[in-house]
Amino acid sequence: MITQEQKEITKLDVNKIRIDFPILNTNIYGHSLVYFDNAATTQKPNQVIDSISDYYKNYNSNVHRGVHHLSQMATDRFEEARRTVRDFINAESEKEIIFTRGTSDSINLIASSFGKAFVRKGDRVLITAMEHHSNIVPWQILCEDREAQLDVIPIDEKGELIFEEFEKLLDSDVRILALPYVSNSLGTVNPVKKIIEAAHSHGVPVLLDAAQAVQHIPVDVKELNVDFLAFSSHKIYGPTGMGILYGKEEWLEKIPPYQGGGEMIHTVTFEKTTYNELPFKFEAGTPNIAGAIGLDSALKYVTNLGIDSIHIYENKLYQYALEKLSSIKELTFIGEAKERAGAISFVIENTHPFDVGEILDKQGIAVRTGHHCTEPIMDQFKIPGTIRASFSFYNTKDEVDRLVLGLNRAKQMLL
Amino acid sequence: MITQEQKEITKLDVNKIRIDFPILNTNIYGHSLVYFDNAATTQKPNQVIDSISDYYKNYNSNVHRGVHHLSQMATDRFEEARRTVRDFINAESEKEIIFTRGTSDSINLIASSFGKAFVRKGDRVLITAMEHHSNIVPWQILCEDREAQLDVIPIDEKGELIFEEFEKLLDSDVRILALPYVSNSLGTVNPVKKIIEAAHSHGVPVLLDAAQAVQHIPVDVKELNVDFLAFSSHKIYGPTGMGILYGKEEWLEKIPPYQGGGEMIHTVTFEKTTYNELPFKFEAGTPNIAGAIGLDSALKYVTNLGIDSIHIYENKLYQYALEKLSSIKELTFIGEAKERAGAISFVIENTHPFDVGEILDKQGIAVRTGHHCTEPIMDQFKIPGTIRASFSFYNTKDEVDRLVLGLNRAKQMLL
Amino acid sequence: MTIKEKQDEIIADFSFFEDWMDKYEYIIQLGKELPLIDEAFKTDDKLIKGCQSRVWMHAEEKEGKVLFSADSDALITKGLVSLVIKVLSGHSAEDIHNADIYFIDQIGLKSHLSPTRSNGLLSMLKQMKLYALALKTRHQLEK
Amino acid sequence: MTIKEKQDEIIADFSFFEDWMDKYEYIIQLGKELPLIDEAFKTDDKLIKGCQSRVWMHAEEKEGKVLFSADSDALITKGLVSLVIKVLSGHSAEDIHNADIYFIDQIGLKSHLSPTRSNGLLSMLKQMKLYALALKTRHQLEK
Ligand SMILES: Cc1ncc(COP(=O)(O)O)c(C=O)c1O
Ligand SMILES: Cc1ncc(COP(=O)(O)O)c(C=O)c1O
């Protein structure tokens, strides 16, 4: 139920917003760009682009330990970014915010360091059948190294987790559960609060892959009571090469460092090295300073629009797209979970997704086709891939209409 | 011996070059900035800054596997960057160029993956007494995991490797030798060609930490016959969050992947995952696309000036600085190797480096003070740290004179 | 027609089309017309790697000429395969191996295909030339 | 003088200086004047973490007043320590614990110290307040 107040805040002025994103004016083969590949990466507002240039033009310097003014400025802004992230996900402390290269890097960090500390021969690690490869392969590598077992919570034909099966898999041999908040290929929003509670009741910590969540729905790590959470800057309007790992302080204290190098040490001798305190213990080497500063601007941009407003606006657009796409009778949705966000996947009878994607491209419409790094889902649905349209707050109903027109044209040509 | 031709190419027009670097116009406490902290990170020319903005404004998109035009453009430019790196260090093939987050990330990758494949209980790993922490800690972690032994090649009081000691340490238990091309705190340029030959004659592969080399001297991996080489974009005029790992194809084929995720796989099922070919096998997750594009511009900028010309110009400036600094009688150089580049470290009798650095800063002069992430060197020289001035081709003799003036002022205040 | 003449013909054909949609219509039409490969040949060892879509290709030699046939699960890919087969099929192994293939660049296909697709096209070409090379070498050995 | 008054005095002192070099001259002067800590107290457990330079601090209580003494291997650090000691030393544990320390910000020191230095200063302050808190708690328990 949407209250009056919520109705007010849904009034995002999309035309005004679009001015902030220079790339949206691009022409592709003579058509104005319709960018529906937001789940792969989002576009960047001028605010983000300018903050990066500003950094390089005015106060570029290596951070921490510097004695000079530029280093001070860079350090201040870099650490401000950490506090911005802390506030954005409502973490308890900035010690819980680790800067990484991206979601994949964050997950690898946990798989490796948590694995080293807690996963032993015969233990089990739980993931779901709707993972992105980035939340499969690190655990496979861990389980192979440790002779542990990787178990998979199945999904039903709608693309929802089968909760009863999950509960059956939960027992005292499970060391950690890793799952996506929102699926990147099906759009499924998992009932993570309930899942985390169930896992915790068996003493199992949970890592949330929030790569497709933070840009669409409000995420509050305290309310979720989640143990680890990972996301990528480039999917939430920030720069590439930058990611976040949130971890509860008590967990981060318990697990060993991941990489070795500058920054993450306290003292080094050849005999014995002691590690720095959180969050630096997990940040080896010169960090992506411009990346942090750009992410800071991106999160401020999103906060300024209001993540609630974004959620409401995008949800409306999502429903509109579902309705319009349904008018194409050869179209089958892949993923029909009750709660969905971000991406819509579908196939068109007797056509190959790749062909459809290419013809859409020639009409200026950017979608993604293929397995979306979720091959096991494609295997389950017995398809080579899907066409995926994924949305942002800068997309419009007109653009959805152009997608539907484009699909009809593709159908005409291919069938 | 400098030939006539070399004399010609030394004529870098530093005034023209400085226009490319907007930050060099900054005022610090009313003084124009003298930036002598180049070993920590270099400043960026407009060419680099603009290429990043241009990417985000005109063709930002996730790379590889995309069916649409923007993705094509981004992929082309991203892979062009890889070829630029290949040519810059004269690698055989772009398969040998792995994009990482920085030197530390590159070294960690090798310590972990090479370690997994080749380092067993009782084996030995060789490093030197002049390592940056980033080339110590990853090997310590590896050796602890594998119950291997870390051996250290000592240096003499001039800051040069003791070759005879190195030869004594070389035997068939050594699995790998890791060492810096140029020391970041002493400026020592190691005779790496000779060292690599000696190591190879015992069948020991070599990793070169070239973080302080590639921006100062021509580096040719084929001529060096080096097995692995690591460097950071941000130290060679490129963006932060970006690094390079070069590895001989035969070695990279032999070692397992490091991180798991998107990009680095060929096919994924829950039972069995097969890995992508080189270089993608080592690149998990969305890469730092803007980082690669910025690095591409940076290397083109450096190539355009000519790395030989840079080397000659910087060397002149280095010698000038040595001479001028020698005029301060309370000053002692730390590191007096015959061959040096990049950084000059020193201490001033009865003053703390930290105090000197702070007073220089107030005069607009940025140097670094402390242990420069090389604590073992400080322990060997029994000092708490040094003052380090490190140079770039955009620095001038006038700036060196300002440093000397600034040091004299600091001396006055502190003594 | 020589390989060169065939390429020039395709280039001429494509120059008639004003926009990319028309070019694609044409490519798709070619795809629909491509004689299907014998189902017996649609095996994994005939599969060409490097495509989002799958391509099977079979080659055989008859009376000194190499004949290619192919199929794909995607129609545009099939059309592209068809173009390449048009150009190369029916020539001697020697000619195929030495052929300079320029029509893809000239009709602007390369820069307008998705990277995956153009990689696929390139690996297909490579495969065909490799096959020709293998035949050529065998002929030389037999001499 | 109260802690507040002492801070205001320092702020007034600093307002005379036109540029940062003069401020530093003054801080260094203070450093040179700081009464040295008893060598016996320069032990690892008196060492304060978080500095590029090292700071040893000793505290004791006399007649209801907390007295701090300190030393550092760096002169500017010593000067800064001296400022903080000037402000806090000689007050009751209660007052020290409750004190609002604003002079560092007001004289612009915080934004002009290198991050390492200002972190060092902050951890020093924290240490002093912690010591005061410990004393205060002991007093309350003794009551
Ligand atoms: C010799 C050397 N190695 C490694 C590094 C680490 O580089 P990064 O911090 O970019 O990972 C540095 C940089 O300080 C260095 O000077
Ligand atoms: C659900 C999910 N997890 C993880 C990732 C990996 O993110 P990155 O490529 O930024 O590391 C993605 C991005 O494609 C994703 O959608």
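Every heavy atom of this structure was used, including side-chain atoms; hydrogens, water molecules and symmetry mates were not. Note that the structure is predicted; figures quoted are calculated from it, not measured.
For CD of Glu144(B), the number of neighbouring non-hydrogen atoms (other residues, nucleotides, ligands) closer than 6.0 Å is 12 at most.
Looking at Asp105(B), the atoms closer than 4.5 Å to chain A (heavy atoms on both sides) sit in the backbone and in the side chain alike. Contact annotation for Ile289(B): both backbone and side-chain heavy atoms come within less than 4.5 Å of a heavy atom of chain A. For a residue to count as touching a neighbouring chain, one of its non-hydrogen atoms must lie under 4.5 Å from one of that chain's; by this rule Thr42(A) touches chain B with the backbone only. Interface residue Asn46(B): only side-chain heavy atoms are found under 4.5 Å from chain A. Only the backbone of Asn58(B) comes within less than 4.5 Å of a heavy atom in chain A; its side chain stays farther off. Residue Phe36(A) does not touch chain B at all, counting heavy-atom pairs closer than 4.5 Å.
For the set Val48(A), Thr240(A), Thr103(A), Leu360(A), the count of heavy-atom pairs under 4.5 angstrom toward chain B peaks at Thr240(A). Across Ala111(A), Ser104(A), Gly261(A), the residue that shares the most heavy-atom pairs under 4.5 angstrom with chain B is Gly261(A).
Aromatic ring orientation, Tyr35(A) versus His68(B): perpendicular (interplanar angle above 60°, classes split at 30° and 60°).
Judged as a ring pair (Phe, Tyr, Trp, His ring centres under 6.0 Å), the pairs with a partner in residues 37-62 of chain B (not counting sequence neighbours) are, in order, Tyr55(B)-Tyr59(B). Annotation: salt bridge (charged side-chain N to carboxylate O under 4.0 Å, His left out) contacts involving residues 20-30 of chain B, sequence neighbours excluded, are absent.
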